[in-house]
Structure formats: C-alpha cells, structure tokens
Colleague: 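One structure is given below, represented as structure tokens, and several questions about it will come after.
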2 protein chains.
Amino acid sequence: MLHEDVVGRIRAILLDGEIPPGARIPERELCERLQISRTPLREALKVLAAEGLVQLLPHRGSRAAKLTDKDMRDLFEVCQGLEALAGELACERITDAEIDAIAAAHGDMVRHYRDGDLIQYYRGNRAIHEAIVTAAGNPVLAGLYTSVTARIRRARYVTPMTPERWAVAVKEHDAILNALQRRDGVGLAHILRAHLRHKREEVLQAGFAETEGSELAPRFA
Amino acid sequence: MLHEDVVGRIRAILLDGEIPPGARIPERELCERLQISRTPLREALKVLAAEGLVQLLPHRGSRAAKLTDKDMRDLFEVCQGLEALAGELACERITDAEIDAIAAAHGDMVRHYRDGDLIQYYRGNRAIHEAIVTAAGNPVLAGLYTSVTARIRRARYVTPMTPERWAVAVKEHDAILNALQRRDGVGLAHILRAHLRHKREEVLQAGFAETEGSELAPRFA
DNA sequence: ATCGAAGCTTTTGCATTCAAAAATGTAAAA
DNA sequence: TTTTACATTTTTGAATGCAAAAGCTTCGAT
C-alpha cells in the first residue's frame, strides 16, 4: 500500500468517527488492520498531526484530535475566508457547463429539502460548495479547503436544524446559485460569508463541546 | 532531537535555499548532519511533503519542491485571501498596544526605505504582515498563512523593485497602518488585497520560472 | 558511433529490533 | 485504608537490517 493511501485510510477512519475525538489511537491494532508495520503507520500519523486531525503527545502516543469551541470558531472563520475567495475566483473562471452542473446539484438539493431528507440535503450541500471551490481553479486553495472542512466535519456536530433555519439556508443557496450565474464575484463572496457565519452560529449555539475535561492538559503543560 | 525540531531544521534548510528547488534531498547526508537515523528523517520529509515544500517521487526519493508560475499565482491568490481575512479579524480584535507595536515597526520599515536598505525593509515588511495575522487571534489562520508564505518565500524570487514600485508599496503600507488604527476591517482587507496583487504581478512579471524543463514530469505520468 | 540490453550498485521503503520512557501493578509503611 | 516507593510490563521512538525497485555501467550488436 502506498504512503498516500495509508494516510487516506486513517483519515477516513478518523472522519468516520470510528476513533472518537480524544481517543487513543491503537497503533498495534491499526497495523494489523491495514496489514502494515509501525513505521509507515507512524509516518502517516505524523502527517495527520500536521494536518490537525491527530495530536501527538511526546512519549505518550497519539490521539484523535479534540476540538474546543475556540478551535471550531477558528476553523469556521478560515473556512469562510476560503469559500469567499473561492467564490470570487470561481466567478472569474467558471464555465457555463460547470454552472449548469451546479444548478443541477442545486435542484437535487432543493428536492431533498422538500422531501425533508436531511442527510441527502447535507450531501448535496457539500457537493455544491466543493464544486464552487473546484471551479476556482486553484489547487492550493482547494487543498486548504479540504483540510479545514475535514477538521470541521470531523466534529460530527449534530445541529437540530429548525425548519426556519433550514429554509433560510435554502434561500441562501438560491442566492449563491444566482450570484454564480450572474458571475457576481463580490456578491457571491458576501453571501457565502453570511451562509457560513450562520452555520457557525448554529453549530456553536448547539453547544459544541468536544473537550469536557482537561484530558489533554499535559499537552499544554 | 524532537520530531518537530527535525521538521523545523529541514524546513529551514529548504527555506534557506541550501537545497535548491528541484534538487534531490540527500537522505544519508542529512542523517549525518542532523545526527539522526533515516526513520525520523523520513517522517519529517513526509510531513514537509504534505506541506508542499517537498515532492515525494515513489521509489525515487524526495526532492525540494519546484514551483511553476501557476503554483506561484495560486499561492499568492490564497495568501491574498488569508491576509484579507486576517486584516478584517485583526481590526475587530487588535489591542491598542498591538497597534502601537505595528506602528513602531512601520516607522522602522519606512526608515529602512529611506536608507534604501532593501533587506531590512523586507524584514520589517514581513514583520508587519505577520503581526497583523497574529492580531487576528486565529491560530488556524496563522498556521495556514505561515505555510503558504513559506512556500512563496521558498522561491527566492528576485524582483528588481523599481523606485516607483517601492514608493507605491510604502504608500500602501501607510494606508494599511491607517486602516488598522481606524480599525476599518473592510478597508484594510481591500488594501491588503491590492498590496498583495501588486506584489504578485511584480514577481510574476519578473519572469518567475522555477521549472525550466520537464524534470518533474514523472510525477504527473 | 549509437543504441540497447544485461548485470551490478545504489537507494528506497518497510519490517524488525533495541533502548528508553511511561504506565501499571505490588507491597510496605503510615 | 490510603499512600508511596519500587519492580514489572507495556509502549513509544529510533536504529538497523533486508528485500525490492530504480539507477548506472559496461558490453555487445547494428
């Protein structure tokens, strides 16, 4: 198995929540599961630590990273900035075909909204945001976006998502599509920022709290 | 030596240009120099590869990353976005003391400008930008900024920096300081974006070209 | 002379091994 | 009974060793 694959597999395990935030990462066990020895596993863990998904405690092994409220806020802030930038760039570079594809995805998403299918809605939602970032045509930006959103998603926050809130989100998405179609970069950036800000408020208000103790205190000692 | 230190040492070697872009990274040699074995060295190289400073060619070792014009443009674009975000956030959170410190740094920088000391000017310039990012109070943002600017700086571009261009840059910095003092986040973001855009044009116009062949072609095969 | 193939050398990537640090368990003392 | 000191076990972090892959060199054929 290639190095990049090992990283990907472990990342997936973390994102799936199979190893919950704060939990120790069982080296020996993962080695058996992936059929590799500790050397490549540890290389992957170091990479994931640099990405922020894993915390390395010197001489005490590695744990799945835990996010504080502050971390979450910071990640959302950066995510806003990246999406706004992506929106502006996308408006300069997006092709008609790409816009059509996003419009189609938007239609699907609205249908899932009408069906009340939150899971599918989220999936479509994410696809649209990713498509915009892709349309920006900037791999560096895309890479950072992927990494930041992965860390956010990692949190597996469960927001109640009131009907009102959901309706607003869909309305915002209408505006997003509209701005894209008009290729209004500045407008799109504003909408995306507001959209993300709302999402963040939602998440943080829902009482996001992954660190319930000083379990990781040694790290800051 | 701690893992993080190894990463830092190698990063420094790359940033100092001691291993030029595109050059192979001599594992054995670095091991001797850092007095470590290949295992921790390779862990560090994998991390640096994830950061974009190193390219791993499977079964063919690692090289110092080379930047194309496109890479450079992408990095500058993201840098603009990050700085603009940092500027906005900084205006919300910066303390009077921090503003005073930046004002002082600004004064120093202008003095270096008057003295025609480009090196010191650059140093002061960088310090100001970093101070703004720090004032944003967002470690995630700061981390990404550090990584992106490192990759840009790695390029060791040599811009002629005409007197006109230099004068404009200093004027822009006046405006930056002014916006900060007025805590005008939106204004600051605009100025920073323009400032970086100019810098990017300058660099790219100077005919930035780190990849003069298809030396790295195998990677894309 | 140039191109290509075969064998050798070097380097890479990973498994294994080893020493040191932390965690755990046990027993003795307060 | 609780606490502390000590010994044991486990786990971590790094060095070494080994198989496989890429790179080089040399030699022969066209």
Side-chain angles (χ1 to χ4, degrees), chain A residues 1-11 13-14 18-20 22-51 53-66 213-221, chain B residues 1-11 13-14 18-66 213-221:
Chain A
M1 186 164 23
L2 217 53
H3 164 73
E4 229 3 274
D5 298 328
V6 177
V7 175
R9 292 279 297 271
I10 303 172
R11 202 200 325 260
I13 290 174
L14 291 170
E18 208 173 318
I19 298 177
R24 270 188 72 139
I25 293 173
E27 267 189 24
R28 198 71 63 178
E29 202 176 296
L30 271 182
C31 285
E32 288 176 25
R33 174 156 162 196
L34 302 185
Q35 288 294 308
I36 54 175
S37 77
R38 283 179 57 224
T39 306
L41 176 77
R42 300 180 90 260
E43 285 175 354
L45 290 178
K46 296 251 156 78
V47 169
L48 291 167
E51 269 179 43
L53 280 172
V54 165
Q55 281 178 331
L56 299 177
L57 297 322
H59 291 283
R60 260 180 267 180
S62 38
R63 314 174 87 97
K66 257 189 176 179
S214 56
E215 216 173 313
L216 288 173
R219 199 207 167 185
F220 310 114
Chain B
M1 186 162 25
L2 218 52
H3 164 71
E4 229 3 274
D5 296 328
V6 176
V7 175
R9 290 279 297 271
I10 303 173
R11 202 199 323 259
I13 289 174
L14 292 171
E18 207 172 321
I19 297 178
R24 269 187 73 140
I25 292 173
E27 267 189 22
R28 200 71 61 176
E29 200 176 299
L30 271 182
C31 285
E32 288 175 25
R33 174 157 163 194
L34 302 185
Q35 287 294 307
I36 54 176
S37 76
R38 283 177 57 221
T39 306
L41 176 76
R42 301 180 90 261
E43 285 174 354
L45 289 179
K46 297 249 157 75
V47 169
L48 291 168
E51 270 179 41
L53 280 172
V54 165
Q55 282 178 332
L56 298 178
L57 296 321
H59 292 285
R60 263 181 267 176
S62 36
R63 312 173 89 94
K66 256 191 178 178
S214 57
E215 218 173 314
L216 287 173
R219 198 206 169 187
F220 310 113

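Proteins get letters first, then strands, A, B, ... in listed order; numbering begins at 1 in each. What you are looking at is a predicted structure, and each value in this text was computed from that prediction instead of being measured.
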Colleague: Which value, rounded to the nearest 0.5 Å, describes the distance between A:R60 atom CZ and A:Q55 atom CD?
Modeller: 12.5 Å
Colleague: Step by step, work out the side chain to side chain contact (heavy atoms under 4.5 Å, CB included) result for A:V6 and A:E43.
Modeller: CA-CA 9 Å; A:V6 177; A:E43 285 175 354; over 6 Å; no
Colleague: Residues two or more places apart in sequence or in another chain: which of them pass salt bridge (Lys or Arg N to Asp or Glu O under 4.0 Å) with B:E18?
Modeller: B:R33
Colleague: How many angstroms lie between atom CD1 of A:I13 and atom CG of A:L53, to the nearest 0.5 angstrom?
Modeller: 12.5 Å
Colleague: Roughly how many Å is it from CD in B:E32 to C1' in D:dA15, rounded to a whole number?
Modeller: 14 Å
Colleague: Could you go through residues 20-28 of chain B and list every donor-acceptor pair under 3.5 Å that involves a side-chain atom there, pairing it with any protein atom two or more places apart or in another chain?
Modeller:
from, atom 1, to, atom 2, distance (Å)
B:E27, OE1, B:R38, NE, 2.9
B:E27, OE2, B:R42, NE, 3.3

Colleague: Check the distance between D:dG13's C1' and B:E4's CD and give it to me in whole angstrom.
Modeller: 15 Å
Colleague: Got a sec, which residues hit side chain to side chain donor-acceptor pair (under 3.5 Å) with A:Q35, two or more places apart in sequence or on another chain?
Modeller: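 Expected list: none.
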Colleague: Quick one: how far along DNA chain C does chain B reach, first to last nucleotide 5' to 3', anything under 4.0 Å to a heavy atom?
Modeller: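 Boundary nucleotides touching chain B, in 5' to 3' order, are C:dT11 to C:dG13.
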Colleague: A side-chain contact here means heavy atoms from C-beta on lying under 4.5 Å apart; do A:K46 and B:V7 qualify?
Modeller: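 Side-chain contact under 4.5 Å: no.
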Colleague: A:A49: which residues meet the side-chain contact (heavy atoms from CB on, under 4.5 Å) condition with it, sequence neighbours left out?
Modeller: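 For A:A49 the side-chain contact (heavy atoms from CB on, under 4.5 Å) partners, ignoring immediate neighbours, are A:V54, A:L56.
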Colleague: Once you round to the nearest 0.5 Å, how far does CD of B:E32 lie from CG of B:L41?
Modeller: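 Nearest 0.5 Å value for the CD-CG distance: 11.5 Å.
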Colleague: Provide a list of protein-nucleic acid N or O atom pairs under 3.5 angstrom, restricted to nucleotides 20-24 of chain D.
Modeller:
none

Colleague: Apply side-chain contact (heavy atoms from CB on, under 4.5 Å) to B:R9 and list each qualifying residue two or more places apart in sequence or on a separate chain.
Modeller: B:M1, B:L34
Colleague: Got a sec? Which of residues 33-42 of chain B come in under 4.0 Å of DNA chain D, heavy atoms?
Modeller: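 B:I36, B:S37, B:R38, B:T39, B:P40 - these, ordered by number, are the residues of the stretch whose heavy atoms sit under 4.0 Å from the strand.
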